[in-house]
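Have a look at the structure below before the remarks.
Whatever order the structure lists ligands and atoms in, that order sets their numbers, starting from 1.
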Amino acid sequence: MLEIITKFFDKSNRKQGAGTPLIVKSGQHALIANMISRDARKVVEVLQDAGHEAYVVGGSIRDLLLGLKPKDFDVATSAKPAEVKVLFRRSRIIGRRFQIVHVQFSREIIEVTTFRSNETKPNGNKSGKGLRQQSNSGMLTRDNVFGSVTDDASRRDLTINALYYDPSDNSIHDFAGGLEDIESRVIRIMGDPATRFREDPVRMLRVVRFCAKLGFTIDARTAKPMHKLAADLEHVSPPRLFDETIKLFMSGQGLATFWLLYEYGLFERIVPQLGTMMKDRDNLTCRLIGQAFTNTDIRIRAEKRVTPAFIYAALLWPAVQHLAAQYRDRGNSASYALSKAAGEVIAKQIPITAIPKRFTMPMREIWDLQLLLPRRGGQRAERLVAHSRFRAAYDFVLLREQAGEELSGLGDWWTAYQEANTEKRARMAATIGEPSNKKSRTRNRRRSKPTAPSE
Ligand code: ATP
Ligand code: MG
């Protein structure tokens, strides 16, 4: 796979000193222009023809060099957002923290970013507009100072993401040794690691994400401050952190990502409610979460749908169970205890990762159904199968059993029930003994809608 930077790649070419990129010319690397989306090339061409500097940057160049399919193509340019906008009819300026321009094509959107600088102006700067600001923890709160391509390269996160490709002459401009790091498969943050992580703690998650996605190793200097700075994740806004966790969990490398997050003390910052429940790598909680990611990775590989609701339902389930047990011990019914615990656990998680309501609702239904699926005698089984969340709840039962929870063959029973014809189903429902804790007539039992399963 790694005939990326070809035999002609000559490292002696590299001039030392900040701001001098290594320029690897056409034929000396494995990229050819038509690997880049036509739309991205068009954007660069229009910008260059208008007298601006422009490159295809970031993840797409990295991925192409590694023989992977890029998710999207980003363009970086010396043109200011307003200057970009006038050049493309179907374009709009978006964002506050980073102002970028989206250029719409029929097949894709090309994101165009103006070169930015690392220059820091302290908080409270009067001129306010278009500046870079830092909070007390050293985190960047605003980042709109424009700069040169060299400035732009130095504020990117990883060396392997600081590669600038010019389609007009098919050259790669490497500002930070990214090509070498791709060759030796190393994840390395640019600049002083602790400073860069404090500026934006999400960069620690990105280090882990690319490590798992690409199968690279993390450079020792980069890794060193991560555990200590993991607590800085609390400065990241909850909606952004939710989005980042989804990228981590639904990358197709969820299991590897989970263990890396765990190792660097990042996971406990994302789901602090699990607290001491995750002390031992081999306990039920870790097994459940590991298994949830294994199953998610398998589904993604099989191109099946995965939903953040299922993943977050699994992550928070140990906390819900723990709290529900406490409410039951105080004499509450199982369904009341579960519902109260679910509400409280979700309410505590939202200020960390803002899970949208469209996911918390199904999460609660999956949990509620964990109490209802054992109660399957008489007409109940038919009603449960028709529940819109049945499929997810059934998968959740299987997950719990795979992780080692003892549920008296509940998963197998439901597997057989779904495969059975009407007659057999009736026999199965008639012969099943009801669990002893009946009588909890929750509203959820009545909510069965005859809609298609969601999974
Ligand atoms: P992918 O899209 O495959 O997840 P990517 O590297 O393209 O990976 P994006 O989130 O699309 O990631 O970001 C595009 C580029 O912007 C990155 O390659 C990197 O250079 C830069 N970047 C993104 N996030 C940060 C950050 N938090 N700090 C510094 N630079 C960043
Ligand atoms: Mg990208």
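Between Tyr164 and Phe175, the distance from one ring center to the other falls under 6.0 angstrom. Outside the 6.0 Å centre-distance limit, the rings of Phe73 and Tyr165 are not counted as a close aromatic pair. For Trp414 and Phe390, the gap between ring centers is short of 6.0 Å.
Among protein heavy atoms, the minimum distance from atom 6 (O) of ligand 1 is reached at Arg62 NH1, 2.9 Å. Protein heavy atom at the shortest distance from atom 25 (C) of ligand 1 is Arg206 NE, 3.7 Å. Residue, atom and distance of the protein heavy atom nearest to atom 11 (O) of ligand 1 are Asp74 OD2, 3.8 Å.
Remark: among candidates Asp157, Leu158, Leu205, Asn161, the nearest residue to atom 18 (O) of ligand 1 is Asn161, based on non-hydrogen atoms. Which of Glu244, Lys213, Arg203 comes nearest to atom 26 (C) of ligand 1 through a heavy atom is settled by distance: it is Arg203.
Of all atoms in ligand 1, numbered sequentially from 1 with element shown, those under 4.0 Å from a heavy atom of Phe210 are 6 (O), 8 (O). Atoms of ligand 1 found under 4.0 Å from any heavy atom of Arg155, numbered from 1 in the order shown, are 29 (C), 30 (N). In the vicinity of Gly59, heavy-atom distances shorter than 4.0 Å reach the ligand 1 atoms 5 (P), 6 (O), 7 (O), 18 (O). Residue-ligand proximity, Arg209 to ligand 1, at heavy-atom distances under 4.0 Å covers atoms 4 (O). When each atom of ligand 1 is checked for a heavy atom of Gly58 under 4.0 Å away, the hits are 18 (O). Every atom of ligand 1 with a heavy atom of Asp200 under 4.0 Å away is listed here by number and element: 26 (C), 27 (N).
Checking only distances, Lys71 does come within under 3.5 Å of ligand 1, N or O to N or O.
Rounded to the nearest 0.5 angstrom, Leu316 CG and Ile289 CD1 are separated by 8.5 Å. With rounding to the nearest 0.5 Å, the separation of CD in Glu405 from CD in Gln291 is 12.5 Å.
When heavy-atom distances to ligand 1 are checked against a 4.0 Å cut-off, Val57 has no atom that comes that close, whether in backbone or side chain. Proximity of Arg156 to ligand 1, defined as any heavy-atom pair under 4.0 Å, is shared by backbone and side chain alike. When non-hydrogen atoms are compared, ligand 1 lies under 4.0 Å from neither the backbone nor the side chain of Met204.
Side-chain contact check for Asp39 and Ser37: no donor-acceptor pair (N or O, by modelled atom type) lies under 3.5 Å. At a cut-off of 3.5 Å, with distance as the only test, a side-chain donor of Asp151 or Ser148 sits close to an acceptor on the other residue. Between the side chains of Gln349 and Thr353, at least one donor N or O sits under 3.5 Å from an acceptor N or O.
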Walk me through whether Lys247 and Asp243 qualify under salt bridge (charged side-chain N to carboxylate O under 4.0 Å, His left out).
CA-CA 6 Å; Lys247 284 189 213 162; Asp243 290 346; over 6 Å; no

Worked check of side-chain hydrogen bond (donor to acceptor under 3.5 Å, both in side chains) between Tyr312 and Thr360
CA-CA 9 Å; Tyr312 264 97; Thr360 58; over 6 Å; no

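In the displayed structure, Arg281 atom CZ is contacted under 6.0 Å by more than 12 heavy atoms of other residues, nucleotides or ligands.
Put simply, the side chain of Arg62 does not reach to within 4.5 Å of the side chain of Leu158, judged on heavy atoms.
Between Phe396 and Trp317, the ring planes are perpendicular. Angles over 60° get that label, and only those under 30° would be called parallel.
Near-neighbour remark for the Mg ion (ligand 2): protein N, O or S atoms under 2.8 Å are Asp72 OD1; waters not counted.
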